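We name chains A, B, ... by the order of the sequence lines, and we start the count at 1 in each one. These numbers come from a predicted model, not from an experiment.
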Protein chains: 2
Amino acid sequence: MQDEQLAELAQQLRVDAVRAADAAGSGHPTSSMSAADLGAVLLAHHLRYDFDRPEHPGNDRLVLSKGHASPLLYAMYVAAGAIDEEELLTFRKHGSRLEGHPTPRLPWVDVATGSLGQGLPVGVGMALAGKRLDQIPYRVWVMSGDSEMAEGSVWEAVEHASFERLDNLTLILDVNRLGQRGPTRFGWDLDAYARRLQAFGWHTVEIDGHDVRAVDDALSEAAGTVGRPTAVIARTEKGHGVAAVADQEGKHGKPLSDVSDAIAELGGVRTARIEVQQPPPARVLHERHTGGLTLPTYDTGDEVATRTAYGQALAALGSARTDVVALDAEVGDSTRTEYFAKEHPGRHFQCYIAEQQLVAAAVGMYTRGYVPYAGTFAAFLTRAHDFIRMAAVSRASINLVGSHAGVAIGQDGPSQMGLEDLAMFRSVPGSTVLYPCDANQTARLVAAMADLPNVSYLRTSRSDMPVIYGPEEDFPVGGAKVLRASHRDRVCVIAAGVTVHEAMTAATVLEREGIPVRVVDLYSVKPVDAGTLQSAADDTGCLLTVEDHRTEGGLGDAVAEAFSDGRPMPRLIRLGVRNIPASAAPAEQLHASGIDAESISAAVRLLVAEAMVRP
Amino acid sequence: MQDEQLAELAQQLRVDAVRAADAAGSGHPTSSMSAADLGAVLLAHHLRYDFDRPEHPGNDRLVLSKGHASPLLYAMYVAAGAIDEEELLTFRKHGSRLEGHPTPRLPWVDVATGSLGQGLPVGVGMALAGKRLDQIPYRVWVMSGDSEMAEGSVWEAVEHASFERLDNLTLILDVNRLGQRGPTRFGWDLDAYARRLQAFGWHTVEIDGHDVRAVDDALSEAAGTVGRPTAVIARTEKGHGVAAVADQEGKHGKPLSDVSDAIAELGGVRTARIEVQQPPPARVLHERHTGGLTLPTYDTGDEVATRTAYGQALAALGSARTDVVALDAEVGDSTRTEYFAKEHPGRHFQCYIAEQQLVAAAVGMYTRGYVPYAGTFAAFLTRAHDFIRMAAVSRASINLVGSHAGVAIGQDGPSQMGLEDLAMFRSVPGSTVLYPCDANQTARLVAAMADLPNVSYLRTSRSDMPVIYGPEEDFPVGGAKVLRASHRDRVCVIAAGVTVHEAMTAATVLEREGIPVRVVDLYSVKPVDAGTLQSAADDTGCLLTVEDHRTEGGLGDAVAEAFSDGRPMPRLIRLGVRNIPASAAPAEQLHASGIDAESISAAVRLLVAEAMVRP
């Protein structure tokens, strides 16, 4: 296309963005208008994408990190013929696919955006997949705003991209000078961004973002740059093209007030449709299943840490399935992800100490068809909470693994203890939360996770624990194991992970004292086995949960929720970590937090003495 | 001190670090040994600190961001005469103040570290307080490891520090080349760090970190640099001084194996005690109370958003108390923090879109005696989860405010909806979680937060809602309001925030149908008013919670927990957000998620029809 046509296309995108926001009565037209020339040139000359086949493995990826500029993206879809004008005007309405911020309800959107600073980290995951896994020359284009460059997650991604020499990745930075509530730190000082990106090893091109020739040349330069990622840093005006809003504060996130004048000023409604370049033929290398999984097995009575079983099972899974990848945040020796790394170095990704990038890379790889397992200490997954939240909105199926759960880690102290992770993961919509107590159980659950939808979480422990299940035992997701039961049980102790072993010890002691106690291993914290819990409630009337986690949001809450459909509730007592632990040996920690065998026994005795359980 | 003496002191610190880890049987001696010369020179010549008066306002601040090098810090305390050898050897033992990672159980530790990448952001908060609030010339020294430079939070802080020209802040970067599981990205390429930091506007000095003269000169240069922060980038050897471990992989986080040989190689045990420079006289400018608080008031029946009441109350609080400060993450127009900014610009801090830095700055200011209120969208506080978690370990009293709660925000869609925030904050130890439904209630709670310990959270809403309480009404933390009650109530609906109004509407409809319903406004989600809930349970036997939040971890769980001391439990049914919302109008959202008045009425009718409530 000629420059004049490109400029016309950009005006069309502006007009359509203005129209969409006007129809919605809300939205971000001015943030769309700044980037319209960038979007027009990208769509017309650089993006290689088959809109009829969004699953085409050769398609470029386009991530609109500044997700509030969704009207621009949707206007681009109109120009590409992917959606029609009528649908454009459903923007932000109930039932429309055109949400306020893009989500994968649209087939051309790989990941939800709208929480700023997430597009580039996810793009890094896609670009890594392209380079190292797919080996397909698709490009990843990430369009970001200048405000979001303040997010640390962006710099995790900037570092990772240059370290991995991701020359298939381009950042298109729309420097429109104005954030939501006023000027950004650097205004139109493009050099400020360029200096920083260059120092991190990026190639940079600074341009006038409203000069379509300059944009076209810059995107070509990006595509032609070898050995490092490129940032196209574009000076733009927010609201460009309409004098009433252009480059003015207070015009963020609202429709234009005089729309017909604005459209006239932009040259009126246009209906150009363009042919987007087709991707080159490409073939996916991996297959979802190659069969023949042989999980590691453990002998009952042996002592094995569940983190060790995780590493060994993941390595085995990687041998059986070529779509499984593993990601580490520089603690693979602790999480045992290193076992996978040794056997499958080509599918192992070191993210260094950057947990947001860790989760984002997993999401990016999921969009390319892989089954990622990303691990770090459970405590440090909280660092990536917003990315986990957005992964759920993206309907991304990723597996996250948190080791070093709870006070049971011992001397290292509270900074290293995962004590809030179950609460965090239970609140993720559609999530699965698993917490094994035994090596064989861990291995089975690691394998099961590979086929689960949405965000799945596995909580592992640092210390060796006795193997109590045989290798043939089955552990369905959503199930529970009754480890000890009789008709005379007066209380049911519900435990998971390390507290299962404490509960079994307590039950033995209590049995000797004439207090029979049921013990349930609630390895599937979400979904929870309501049937087993109901039986326990029916039989004993009194449930005692014991967890190496805060009393809020974890096992206790999961059990309570199982009865939240209105059925009568049993008595429910919770033991969990209420203190702020210090350093101490693991057994001392369990005792100090009141979740060891002795504390369980004492609690049950108290319930009996206070006549809170059936006689 | 002469260079020889400094070098001797460094060896003493190494020996003591080795001894401490040996006594503990765990810990990180090699990470301490790399930084021993840095620590020795800092302590002997640069730190101005009265160890007998850690509360002295003129004291420098020392933050050991690489918290696993705690043996070095404790050895420095021994050298300064703050603790004795006997206590040093209690390292990591049950009951000791010398935890695996430093916490404020020690009076000279301002903030807990151990989650990497947090020291510099918190140090930025302290340095901001020194410059803009205290106006006292204390210096903030942050010692970091090279591995943690991969954390995005570090770069949020790097950017913020240079933008604010924090020349009272020095980063001492211990580049020992080895992370936990192997080499860092850049090894000993000091220039890689210097280039990045310079591009962000920092002054940098590259040195041999084992040359005490070079260290001394560099720290002097840092202290003398005006207008920008300085990074002293030191090439060091992990395990320096003991050939068996020096610069070797696989020696992270474990005691030395042959300790007596190692101590001999280091020149034996020394017992030097040094006089640390006293801080200059200094006086705190702010006072904790100056009285005369006049909160804004609202007329019942008016429509006011709770976020607006928050902003107005905070501005009023700022007029009454000079210790109150407000922090924004570039959304102050949305959160209404801008009202405070206009009236008290000197105590308002713009952190741009960097939520980790936002919370870290609040923690840093708390350590200097201030009462921070830090706000952003509730959804984006998840970005700072790990910082919130660590703030609790630091026993920091900070107030966090999340606006745009729930699906009620409407068209912007799920990326902007706080739906997991109650779960996150409930699991924080010692936290308070408040969720008002009305402007007068909000104002009272904003004022109450100023005097609460630990992490406090206020959840505010975007849309206008009717004022239902008079301005004289009292709202104690830990309380609840019974908005509607009769002896005949068959169900008790428990709501908070927007759902209070939905519940009241439903109750009116149900009353007409002959189904009297109690309504409780559970504005204090944690601590929860167990008494009011018990009465409701006694009177009705059936509790229905309705929340604009995920069904996990929020209101429903808070109510369940109130009964977790073993008392008989009522029936408990939960309405909450189980879907992944799209764009729609607020009322459509509440309906689609099943938490509007119609959904509440329908649920109650079903309970009556199914005979799940008392006749």
Margin query: Between A/Arg389 and B/Asp421, does any NZ, NE, NH1 or NH2 come within less than 4.0 Å of an OD or OE carboxylate oxygen?
Written below: no
Check: Is the shortest side-chain N to carboxylate O distance from B/Arg92 to A/Asp412 below 4.0 Å?
Finding: yes
Checklist line | Spacing of B/Ile580 atom CD1 and A/Asn454 atom CG [to the nearest 0.5 Å] | finding: 6.5 Å
Notebook entry, point to check: Under 3.5 Å, side chain of A/Arg196 to main-chain N/O of B/Ala199, donor-acceptor pair present?
Noted result: yes
Next item on the list: Kindly say whether A/Gly100 contributes a backbone atom to a donor-acceptor pair with the side chain of B/Ser583 at under 3.5 angstrom?
Entry: yes
Note to self: Please determine whether side chain to side chain contact (heavy atoms under 4.5 Å, CB included) holds for the pair A/His94 and B/Gln589, giving the CA-CA distance in whole Å, both sets of side-chain angles, and the decisive distance to 0.1 Å.
What the structure shows: CA-CA 8 Å; A/His94 186 49; B/Gln589 297 279 17; over 6 Å; no
Notebook entry, point to check: Is there a side-chain contact between A/Ser415 and B/Gln118 (heavy atoms, below 4.5 Å)?
Noted result: no
Notebook entry, point to check: Given a strict heavy-atom distance threshold of 4.5 Å, which part of B/Ala379 is in contact with chain A: side chain, backbone, both, or neither?
Noted result: both
Notebook entry, point to check: In terms of heavy-atom pairs under 4.5 Å, which option from A/Asp333, A/Leu543, A/Ile573 contacts chain B the most?
Noted result: A/Asp333
Note to self: Taking A/Gly152's backbone N and O only, do any of them form a donor-acceptor pair with B/Glu156's side chain (distance below 3.5 Å, no angle check)?
What the structure shows: yes
Notebook entry, point to check: What residue, out of A/Glu355, A/His549, A/Gln350, A/Glu330, has the most heavy-atom pairs lying under 4.5 Å from chain B?
Noted result: A/Glu330
Next item on the list: With rounding to the nearest 0.5 Å, note down the distance linking OG1 in A/Thr551 to CZ in B/Arg426.
Entry: 8.0 Å
Margin query: Less than 4.5 Å to any heavy atom of chain B: does that hold for the side chain of A/Ala560, its backbone, both, or neither?
Written below: both
Notebook entry, point to check: Among B/Val393, B/Val154, B/Val331, who wins on heavy-atom pairs under 4.5 Å with chain A?
Noted result: B/Val331
Next item on the list: Find the one option among A/Arg105, A/Gln180, A/Gln411, A/Arg550 whose heavy-atom pairs under 4.5 Å with chain B are most numerous.
Entry: A/Gln180
Checklist line | Contact origin within B/Arg195 toward chain A - heavy atom pairs under 4.5 Å | finding: both
Checklist line | Point-to-point distance, once rounded to the nearest 0.5 Å, from OG of A/Ser427 to CG of B/Asp557 | finding: 10.0 Å
Next item on the list: Name the member of B/Ser334, B/Gly553, B/Gly95, B/Gly67 that forms the most heavy-atom pairs with chain A at distances under 4.5 Å.
Entry: B/Ser334
Next item on the list: With a 4.5 angstrom heavy-atom cut-off, could you sort out which part of B/Phe387 is near chain A: side chain, backbone, both or neither?
Entry: side chain
Item checked: Under 4.5 Å from a heavy atom of chain B, the part of A/Gln357 involved -> neither
Next item on the list: Go through the structure and list residues passing side chain to side chain donor-acceptor pair (under 3.5 Å) with B/Arg97, not counting sequence neighbours.
Entry: B/Glu87
Check: Mind checking whether A/Phe186 and B/Phe163 have parallel, tilted or perpendicular rings, split at 30° and 60°?
Finding: perpendicular
Next item on the list: Considering only heavy atoms and a distance below 4.5 Å, find which of A/Ala582, A/Ala584, A/Ala558, A/Ala392 pairs most often with chain B.
Entry: A/Ala582
Checklist line | Part of B/Cys542 within contact of chain A (heavy atom distance under 4.5 Å) | finding: neither
Margin query: Going by the rule side chain to side chain donor-acceptor pair (under 3.5 Å), which residues pair with B/Thr382 if we only count those two or more places apart in sequence or in a different chain?
Written below: A/Asp386
Check: What part of A/Ser147 is in contact with chain B, defined as an atom under 4.5 angstrom from a non-hydrogen atom: side chain, backbone, both or neither?
Finding: both
Next item on the list: Name the option with the most non-hydrogen atom pairs under 4.5 Å to chain A; the candidates are B/Pro570, B/Pro429, B/Gly413.
Entry: B/Pro429
Next item on the list: Give, as side chain, backbone, both or neither, the part of B/Thr545 having an atom under 4.5 angstrom from any heavy atom of chain A.
Entry: neither
Margin query: Under a 3.5 Å distance rule, please check whether B/Gln416 uses its side chain to pair with a backbone N or O of A/Gly114 as donor and acceptor.
Written below: yes
Note to self: Counting heavy-atom pairs closer than 4.5 Å to chain B, which one of A/Arg185, A/Gln198, A/His101 comes out on top?
What the structure shows: A/Arg185
Notebook entry, point to check: Any side-chain heavy atom of B/Glu159 within less than 4.5 Å of one from A/Met149?
Noted result: no
Next item on the list: Against chain A, label B/Gln356 side chain, backbone, both or neither, depending on which of its atoms sit under 4.5 Å from a heavy atom there.
Entry: side chain
Check: Regarding A/Ser153 and B/Arg383, is there a side-chain donor-to-acceptor distance under 3.5 Å anywhere?
Finding: yes
Check: Using non-hydrogen atoms only, which part of B/His160 is less than 4.5 Å away from chain A: side chain, backbone, both, or neither?
Finding: both
Notebook entry, point to check: With side chains defined as the heavy atoms from C-beta onward, is the minimum distance between A/Met424 and B/Met424 less than 4.5 Å?
Noted result: no
Checklist line | Structural part of A/Ala112 lying under 4.5 Å from a heavy atom of chain B | finding: neither
Notebook entry, point to check: Is there side-chain contact between B/Glu99 and A/Pro414, with heavy atoms separated by less than 4.5 Å?
Noted result: yes
Notebook entry, point to check: Looking at side-chain heavy atoms only, is the closest gap between A/Ser115 and B/Phe380 below 4.5 Å?
Noted result: yes
Item checked: Carboxylate-amine/guanidinium contact A/Asp565 B/Arg571, below 4.0 Å -> no
Next item on the list: Report the option among B/Met569, B/Lys93, B/Glu561 that has the most heavy-atom pairs separated by less than 4.5 Å from atoms of chain A.
Entry: B/Glu561
Check: If you count heavy-atom pairs under 4.5 Å with chain B, which of A/Arg395, A/Arg578, A/His252 comes out on top?
Finding: A/Arg395
Note to self: With a 4.5 angstrom heavy-atom cut-off, is it the side chain or the backbone of A/Pro183 that approaches chain B, or both, or neither?
What the structure shows: backbone
Item checked: Pair A/Glu338 + B/Arg181: basic N to acidic O under 4.0 Å -> no
Next item on the list: Check each atom of B/Ser70 against the heavy atoms of chain A and say whether the ones under 4.5 Å are side chain, backbone, both or neither.
Entry: neither
